[in-house]
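To start, the structure itself, in structure tokens.
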Amino acid sequence: MVKAINPGGSSAASNEVSATPTAPATVPGVPTGVTAAAGDGKATISFTLPMDNGGSAITRYEVTASPGNITVPGAASPITVTGLSNGTAYTFTMKAVNSVGKSAASTVSNIVTPRSSSSEDPTPTQPAPPSTPNAGVEVLVNGRAESAGTATTTTLNGQTVTTVAVDSKKLEDKLAAEGNHALITIPVNTKSDVVIGELDGQMVKNMEQKQAVIQIQTGNAAYALPAQQINISALSDQLGKSVQLHDIKLRIEISKPNTDTVKVVENSAVEGEFTLVVPPLNFTVKANYGDTTIEVSKFNAYVERTIAIPDGVDTSKITTGVVVEPDGTVRHVPTKIVVINGKYYAKVNSLTNSTYSIVWHPLAFTDVAQHWAKDAVNDMGSRMVISGIGNDMFNPDQDITRAEFAAIMVRGLGLKLENGSSSFADVKTTDWFNSAIKTAYGYQLISGFEDGSFRPMDKITREQAMTIIAKAMKITALKTSLPAKAADELLKPFTDASHASGWAKNSLADCLQAGIVTGRNSTQLAPKAYISRAEVAAIVQRLLQKSKLI
């Protein structure tokens, strides 16, 4: 009851009401009864919804496949996981998610093994007998033809597969004559769904020593892979130290994805509000010895893929290339449109192998229409490198935090996000920026402070940002293209250069020399000033442009 009191006395008592304190919301309960049913390259997971939502509505469920750690969201039971490998045994766990966080993982499901729908028994589909090999397939060494390959076409799981095996002796003779930095092109003119260039491990080692590049070329794509990026010695160690290099088969592959993967890509386009301009393609590298296969999926330098733009496509309506992961996650990869012999191609550079497509994703933020950084902001937005604040707004002059800058750098470089605990005490696994910071740290873009912190919510200064940009220049190989020049000479025109921290001066000089940063004006570098969202869009765009990646 409540009474009001003034100098005249007390009022009558109010009506009596009661209230029960509300407990704070927690993560939801754990899904139960998780069961799996296998299909062709997929599995359908059924489960019982948790009785307890933690005091906050459950917004989604997540199923995780093992092996592969593929995580797929869904609104209710059942959830279908696609992109699985036929013949591989999988188990699954479930989590429920509300506004507070994720539940603990459920108990593990039963084991299932996806199979091709065309299989009548539990053994993997066997290829059809190969056609008669074509003798004398031409392999190009620095553009000059050599009859050094043999092509075989088979049918596997409903797809035509053409494999070109390269003759080691003939190629070795040509390499010896050409010297270092040779380009070995394996052209495949058939209309096969899958095209494979096959070399033995010793051949790859010889090419690595001569810094040669291997290129697989089809009618709609080309894949150029420096032999050094294969790291055949590391693959040999994984396959067994006693294994001879010439017994290892290295297969470089360009292929059309299966139907389930295409559906994942199409669904991602709908959810991400972008248009697929070119059908998706898979690029893979595998080393085989006996029954063991190891996939090479990550490189320490950019590897180029050239994808043909179909005739009739308006090339002004292409914004970037993207990688689509098996769980539907999409990320930008540096892409530019080029003309080769009168035909348009997208040149895509990436540090990983996966499924790629070319897309149209136009963005125009209303609050940069009259801003000096309009073109850079809209370009980086259309490429999915930066995002707005809602309602088509970008807020270009707002200072940016260290966490936001790390995330933009990771997206700009097209790096695959790494999961797990961060190396910094003040970055939690539940923070939205945890994966970006872990990835940036893994690629040595960031190092944090001496006390072991990263200070993710601090505003980033210009000298801190330029130090990270200078490290990115090593990844893009822009740093190696710059002539040697003293830092003091490059900083000399700026009257406030003495304000820069000693640890940052070389990085500032690198950014100035590369043309990525020009200063706040001709005499002010402002190293201690904060950097705005618009400035970040501009310098990331310049980094990619100067590195010839976009």
Side-chain angles (χ1 to χ4, degrees), residues 224 274 277 299-307 315-316 318-323 330-339 345-352 354 356-363 365 368 372-387 394 396 400 404-417 436 439-440 443-446 460 462 465-482 507-508 510-518 531-550:
F274 57 82
V277 177
F299 309 108
N300 58 23
Y302 281 99
V303 173
E304 184 179 274
R305 300 149 188 82
T306 305
I307 300 174
T315 55
S316 68
I318 294 175
T319 50
T320 190
V322 296
V323 165
V330 177
R331 76 175 189 274
H332 149 271
V333 278
T335 302
K336 63 179 178 180
I337 304 302
V338 299
V339 179
Y345 295 84
K347 280 198 172 182
V348 180
N349 276 277
S350 175
L351 296 162
T352 60
S354 192
Y356 290 79
S357 190
I358 309 302
V359 304
W360 170 232
H361 177 258
L363 279 184
F365 296 105
V368 299
W372 65 266
K374 170 188 173 183
D375 291 342
V377 169
N378 288 337
D379 180 34
M380 291 295 97
S382 297
R383 290 178 183 270
M384 308 181 193
V385 174
I386 60 173
S387 55
F394 181 70
I400 199 165
E404 290 171 323
F405 186 77
I408 289 172
M409 286 301 303
V410 166
R411 289 197 295 268
L413 294 170
L415 306 181
K416 183 177 182 179
L417 288 175
T439 305
Y443 279 91
Q444 301 180 5
L445 292 171
I446 59 176
I460 194 167
R462 286 168 57 82
M466 284 186 268
T467 298
I468 295 172
I469 289 288
K471 291 177 179 178
M473 288 167 57
K474 296 179 182 178
I475 296 176
T476 68
L478 178 57
K479 168 69 175 171
T480 58
S481 69
L482 299 177
S507 295
L508 300 182
D510 287 344
C511 290
L512 289 166
Q513 186 179 9
I516 296 172
V517 175
T518 56
I531 192 166
S532 72
R533 287 166 58 81
E535 288 176 315
V536 169
I539 64 174
V540 173
Q541 184 194 50
R542 288 182 202 140
L543 167 68
L544 298 175
Q545 288 173 337
K546 299 291 184 180
S547 301
K548 298 180 181 179
L549 294 174
I550 65 172

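Proximity of a side-chain donor or acceptor of R533 to a complementary backbone N or O of P396 within less than 3.5 Å is not detected. Within the 3.5 Å criterion, the main-chain N or O of V322 finds no donor-acceptor partner in the side chain of H332. Under a 3.5 Å cut-off, the side chain of Y302 and the backbone N or O of L413 do form a donor-acceptor pair. Side-chain atoms of R542 do not come within 3.5 Å of backbone N or O of A514 as any donor-acceptor pair.
Going from atom CD1 of I460 over to atom CE of M466 covers 10.0 Å, rounded to the nearest 0.5 Å. To the nearest 0.5 Å, atoms OG (S507) and CE (M473) are separated by 9.0 Å. Note that CD of Q545 and CD1 of I550 are 4.5 Å apart. Values are rounded to the nearest 0.5 Å. To the nearest 0.5 angstrom, L543 atom CG is 7.5 Å from L549 atom CG. With rounding to the nearest 0.5 angstrom, the OG1 atom of T467 is 6.0 Å from the CG atom of L508. A distance of 13.0 Å separates CD1 of I358 from NZ of K347, quoted to the nearest 0.5 Å.
Each of T319, V368, I386 was scored for a side-chain contact (heavy atoms from CB on, under 4.5 Å) with N378, with one residue passing: V368.
Of all non-hydrogen atoms in T320 and V333, the two that sit nearest each other are OG1-O, 3.3 Å. Across all their heavy atoms, I307 and V348 have their closest contact at CD1-CG2, 4.3 Å. When all heavy atoms of S547 and L478 are compared, the closest pair comes out as OG-CB, 3.6 Å. Smallest separation of non-hydrogen atoms from R305 and F299: NH2-CE1, 4.0 Å. Looking at every heavy atom in both residues, C511 comes nearest to A470 through SG-N, 4.1 Å. The minimum heavy-atom distance linking V377 with A537 is given by the pair CG2-CB, 3.9 Å.
Looking at I318 and T335, their side chains never come closer than 4.5 Å, going by heavy atoms from C-beta outward. Residues V517 and I469 are not in side-chain contact: their nearest non-hydrogen atoms beyond the backbone lie 4.5 Å or more apart. Side-chain contact between K548 and K336: present, with at least one pair of heavy atoms (C-beta onward) separated by less than 4.5 Å. Residues V323 and K416 form no side-chain contact, since every pair of their non-hydrogen atoms from C-beta on lies 4.5 Å or further apart.
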Review point. What do the steps show when you test V536 against M409 for side-chain contact (heavy atoms from CB on, under 4.5 Å), and what is the final call?
Key: CA-CA 9 Å; V536 169; M409 286 301 303; over 6 Å; no

Practice item. May I have the step-by-step check of side-chain contact (heavy atoms from CB on, under 4.5 Å) for I400 and I408, ending in yes or no? Key: CA-CA 10 Å; I400 199 165; I408 289 172; 3.6 Å; yes

**Study point:** Steps toward side-chain contact (heavy atoms from CB on, under 4.5 Å) verdict (Q444, K474)
**Key:** CA-CA 10 Å; Q444 301 180 5; K474 296 179 182 178; over 6 Å; no

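Using a 30° and 60° split on the angle between ring planes, F365 and F394 fall in the tilted class, from 30° to 60°.
In the model, T352 has a side-chain atom that pairs as donor or acceptor with a side-chain atom of R331 under 3.5 Å. Defined by atom type and a distance below 3.5 Å, a donor-acceptor pair is present between the side-chain atoms of S350 and Y356.
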